[in-house]
Amino acid sequence: MQNNLPLEGKTIILTGTSKTTTIIDDITALGGQAVIAPLIETCELIDSNDDVQLEFARQFEWLIFTSQNAVEAFANKMQRFNVSAAHFQGKIASIGTKTTAALEKLGFHVSFMPSIFSADVFVQEFPNVAGSNPTCLFIRGEKAKKTLKEGLPFKLKEWTVYETIERHDQKQLMIECICANSDVTVIFASPSAVDVYAKDVASVVGWGAVRVAVIGHITEAAILNHGAIVDVMPSVYTMQAVIEEITKVGERK
């Protein structure tokens, strides 16, 4: 008798905009139903001085990226002003394999990535690589935490290249999906998505209606701050690792 697939009968809701179909394909292959219901989206911030900012960025010893969204917005600016990775002589620091892959696709070589993909671990490990007083530019979104700016032992310049926008239009879709399915796991990859979910969805269906999965302890802290429980958090902070952990939970039941 053939065994059921590990995610059969389970609905997995992703609260962010997936950059590829890989995760959706993985969930489907494991027998689950994947639902994309982005509670947030990002939008590049365009300024008339972007060309000057790009020239300014070329002067730094290190450029720091902590998200694919920052890389994407930065890449858009590079393309508009015909700037390539070869124009930058400084080193690149990145958090996460996806962010690193996006940078490498642009032609950058990533010289540093922390052992755990989080800003607080970055703060602990980066000074050992960067030296005592390097010039650093953090390419960030407008909701970026102050962890790097306050935690690094040297002055950090910042360039905000994108903003995060709440997607309230996804509220009803997600509520209906949760009410129509008996076994639902919601995946959160950022505190911003957690806050929107708490306000627009959990306020209607309650946190107990779903299993909560998170990427990273910063997102976990946001869940706990709302008085909810984290059911799944892998030690490796990637979407693939979350799916693997959800699968293991399913196999244990």
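Note that this is a predicted model, so its numbers are computed, not measured.
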Please report the closest heavy-atom contact between [X] and [Y], naming both atoms and the distance.
X: Ile24; Y: Ala34; answer: CG2-CB, 4.0 Å
X: Ala57; Y: Phe88; answer: CB-CE2, 4.0 Å
X: Pro38; Y: Arg167; answer: O-CB, 3.1 Å
X: Ile165; Y: Cys43; answer: CD1-CB, 3.9 Å
X: Ile36; Y: Leu173; answer: O-CD2, 4.3 Å
X: Ala213; Y: Ile246; answer: CB-CD1, 4.1 Å

For [Y], does its backbone N or O pair with a side-chain atom of [X] as donor and acceptor, under 3.5 Å?
X: Asp231; Y: Arg211; answer: no
X: Asp195; Y: Ser192; answer: no
X: Asn181; Y: Asp183; answer: no
X: Arg58; Y: His87; answer: yes
X: Thr135; Y: Glu61; answer: yes

Just wondering, do [Y] and [X] contact through their side chains at under 4.5 Å, heavy atoms?
X: Phe108; Y: Val71; result: no
X: Met78; Y: Leu54; result: yes
X: Asp51; Y: Glu55; result: no
X: Gln170; Y: Met174; result: no
X: Cys177; Y: Ile13; result: yes
X: Asp200; Y: His168; result: yes
X: Cys136; Y: Lys157; result: no
X: Thr147; Y: Val123; result: yes

Worksheet item: Relative to each other, are the rings of Phe65 and Phe74 parallel, tilted or perpendicular (30° and 60° limits)?
Response: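 Correct class here is perpendicular.
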
Practice prompt. Could you label the plane-to-plane angle of the Phe126 and Trp62 rings as parallel, tilted or perpendicular, counting under 30° as parallel and over 60° as perpendicular?
Written response: perpendicular

Worksheet item: Checking side-chain contact (heavy atoms from CB on, under 4.5 Å) against Ile64, which of Ile95, Leu137, Leu148 comes through?
Response: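 Per the side-chain contact (heavy atoms from CB on, under 4.5 Å) rule, the option paired with Ile64 is Leu148, out of Ile95, Leu137, Leu148.
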
Would you say the side-chain atoms of [X] and [Y] include a donor-acceptor pair closer than 3.5 Å?
X: Thr100; Y: Ser94; answer: yes
X: Gln33; Y: Thr11; answer: yes
X: His226; Y: Tyr197; answer: no
X: Glu125; Y: Ser115; answer: yes
X: Asp120; Y: Ser118; answer: yes

Which value, rounded to the nearest 0.5 Å, describes the distance between [X] atom [atom1] and [Y] atom [atom2]?
X: Leu103; Y: Met113; atom1: CG; atom2: CE; result: 11.0 Å
X: Ile12; Y: Thr185; atom1: CD1; atom2: OG1; result: 4.5 Å
X: Ile116; Y: Gln124; atom1: CD1; atom2: CD; result: 8.5 Å
X: Thr164; Y: Asn69; atom1: OG1; atom2: CG; result: 7.0 Å
X: Leu14; Y: Met239; atom1: CG; atom2: CE; result: 5.0 Å
X: Asp26; Y: Ile243; atom1: CG; atom2: CD1; result: 7.5 Å

Item to complete: In sequence, state the C-alpha distance, the side-chain angles, and the governing distance for Val205 and Cys179, and then conclude on side-chain contact (heavy atoms from CB on, under 4.5 Å).
Response: CA-CA 8 Å; Val205 301; Cys179 292; 4.1 Å; yes

Do [X] and [Y] share a hydrophobic cluster, counting only Ile, Leu, Val, Met, Phe, Trp and Tyr and linking them when any side-chain heavy atoms are less than 4.5 Å apart?
X: Ile40; Y: Leu45; value: no
X: Tyr162; Y: Phe56; value: yes
X: Ile139; Y: Phe122; value: no
X: Val121; Y: Leu156; value: yes
X: Phe138; Y: Leu106; value: no

Item to complete: Given salt bridge (Lys or Arg N to Asp or Glu O under 4.0 Å), test Glu44 with Arg80 step by step and report yes or no.
Response: CA-CA 13 Å; Glu44 179 194 355; Arg80 273 199 305 278; 2.5 Å; yes

If you draw a 6.0 Å radius around [atom1] in [X], do more than 12 non-hydrogen atoms from other residues or ligands fall strictly inside?
X: Lys91; atom1: NZ; value: no
X: Asn128; atom1: CG; value: yes
X: Gln240; atom1: CD; value: yes
X: Lys199; atom1: NZ; value: yes

Discussion item. Show, in sequence, the C-alpha distance, side-chain angles and deciding distance for Phe188 and Val242, and conclude whether the side-chain contact (heavy atoms from CB on, under 4.5 Å) test is met.
Written reply: CA-CA 10 Å; Phe188 298 93; Val242 170; over 6 Å; no

Practice prompt. Take Thr238 and Ile215, measure what side-chain contact (heavy atoms from CB on, under 4.5 Å) needs, and give me the verdict at the end.
Written response: CA-CA 6 Å; Thr238 65; Ile215 297 177; over 6 Å; no

Item to complete: Walk me through it: do Val214 and Ile187 pass the test side-chain contact (heavy atoms from CB on, under 4.5 Å)?
Response: CA-CA 6 Å; Val214 303; Ile187 300 177; over 6 Å; no

Discussion item. Run the salt bridge (Lys or Arg N to Asp or Glu O under 4.0 Å) test on Lys143 and Glu163 for me, step by step, so that the C-alpha distance in whole Å, both residues' side-chain angles and the decisive distance to 0.1 Å come before the verdict.
Written reply: CA-CA 7 Å; Lys143 289 186 178 295; Glu163 63 180 337; over 6 Å; no

